[in-house]
Protein chains: 2
Amino acid sequence: MTEPKEFLYPGKWLSKASAGDRVACELRMQIISGLIESGTILSENKLAADFAVSRSPIREALKILASENMIRLERMGAVVIGLTEKEIEEIYDVRLLIETFVFERLVKMDIHELVNELSKIHEMMKVAIKFQDADEFSYQDVLFHETIIRAINHSYMLMIWNNLKPVMESLILLSMRARFKEKYEDFPRILENHELYIEAIKTRDRTLMIKSLHQNFDDVQGKIEDLWMSQQMLSKGAELEDE
Amino acid sequence: MTEPKEFLYPGKWLSKASAGDRVACELRMQIISGLIESGTILSENKLAADFAVSRSPIREALKILASENMIRLERMGAVVIGLTEKEIEEIYDVRLLIETFVFERLVKMDIHELVNELSKIHEMMKVAIKFQDADEFSYQDVLFHETIIRAINHSYMLMIWNNLKPVMESLILLSMRARFKEKYEDFPRILENHELYIEAIKTRDRTLMIKSLHQNFDDVQGKIEDLWMSQQMLSKGAELEDE
DNA sequence: GTTATAATACTTGTATACAAGTATACCTTA
DNA sequence: TAAGGTATACTTGTATACAAGTATTATAAC
């Protein structure tokens, strides 16, 4: 069996991460991309062998993934749940719920510094596009939304985000990588959406915020199906190669 | 130093739990009750000695508590965060957010079986009051709300609940135990609130649902301050005894 | 007395060892 | 051939061991 030498998750994001985190990030990407199919049973020992680490970090990784609803820890083995269309919709339910809540708080706050911060991130995204750096773009995209959420200083809203973030990050990464290759013309629109979002915050315009938020979802979700197909093909291909 | 032989968390709820879960549950109770003060630094080795287990389950417990925002894992040691008034309000923000979302889904569903289930739990609560069983009452109270959330079959809403549940459970436990001793007359009103909630679901009445939900919060939160004081006194007393 | 350096006693993260339990497969017996 | 029991090869959860790093403290030099 030929092991993939290349990891799906960007190595430079893991500079100070523990082995457990690394494994969790990589497994998460493999699950979301479809490389590991839904229903697969993961064994601690096998994973430890595959990733060339001991069971301790593997157990840590599995606990993380279970709390993110990516796997289900059963009596024997961890069953991969993965993301169907239904789960992706559910994730967006939660994001919509969080971000609208956050917005209601924002309109009562001094948002000067936040808007400034978001503008900076927005500029970063432009640069990432210019240099065709999908990973950097994804990073800034996630950071954009996290910055908004952090702004209201609500530890339990942040807790929800922290649980959702890894999955979102992986989804966005995969979506953007595919987009850079196939749909480069999408990016001006994505950038514009983020501008609209900033504008909505600046002018405290609920309707505009909801609108740009929904469009932002569509930008990741819209092409999910295509992404799905291509990733499925990819994983089937890899399987065939293995034999 | 005299160790408490009695655990705060009900032992019978831990029949099939691992050592890590036990430690997490007990530590959570101690933090929320104020027995372990906010700002305290927990050491893995010390905890392992205190609970007479190895570091493995302790590490597991600390990871769990960190994901619940009860502690903050730092470079050296785990810092206890605990619950201030602010955090408790935030928790109720989240519950309100979840349960209103759930209600919007419920009104579009067949709620026959759910109402039946809730009525059963409601009866159980009555029995628990009759026999002055605070723990059983708390269990049924938590189950009541979990049953409602589970009804809409939304895995990511359930994920949020799963993160929040342990803290809620501890809060309710402490609140109800104090109530059984000091404010026994509160229970008829609490029961009535739950009846109202069932009624709201049955008649699909948003306003009634929100109203009973808010009252339900007040029933736990309202006496939090008193609880706080009494627990603080208790912990001070224990400290003095130790020396 | 103050500062710099070195030794020590912690800390975390990972690997390994072991015990208890569970599914699988094989072998015995009818 | 079918049923039942046993052996085996897994599984998880916990304990222990070890390496690498960090704070603290003591010591030495100025």
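Taking the six-membered ring for Trp and thresholds of 30 and 60 degrees, A:F7 and A:F51 have nearly parallel ring planes, at less than 30 degrees apart.
Whole-Å rounding puts the B:N45 CG to D:dT22 C1' distance at 15 Å. The CD atom of B:E44 sits 15 Å away from the C1' atom of D:dT22 (whole-angstrom rounding).
Counted by atom type alone, A:E37 and A:T40 present zero donor-acceptor pairs between their side chains at under 3.5 Å. Side-chain atoms of A:Y92 and A:E87 include no donor-acceptor pair closer than 3.5 Å. Between the side chains of B:T147 and B:E117, no donor-acceptor pair of N or O atoms lies under 3.5 Å.
Taking every nucleotide of DNA chain C with any atom under 4.0 Å from a non-hydrogen atom of chain B, the first and last of them, 5' to 3', are C:dT11 to C:dT14.
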Can A:R28 and A:I64 be said to form a side chain to side chain contact (heavy atoms under 4.5 Å, CB included), step by step? CA-CA 10 Å; A:R28 191 185 299 113; A:I64 294 173; 3.9 Å; yes
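Positionally, the nearest nucleotide of DNA chain D for A:S43 lies more toward the 5' end than for the other of B:R75 and A:S43.
If you check residues 55-66 of chain B against DNA chain C, the residues with a heavy atom closer than 4.0 Å are B:R55, B:R59, listed by number.
Shortest non-hydrogen contact noted between A:A24 and A:A61 is N-CB, 3.6 Å. Nearest heavy-atom pair across A:R55 and A:N45 is CD-OD1, 3.1 Å.
Checked against the 6.0 Å centroid threshold, B:F144 and B:H122 do not count as a close aromatic pair.
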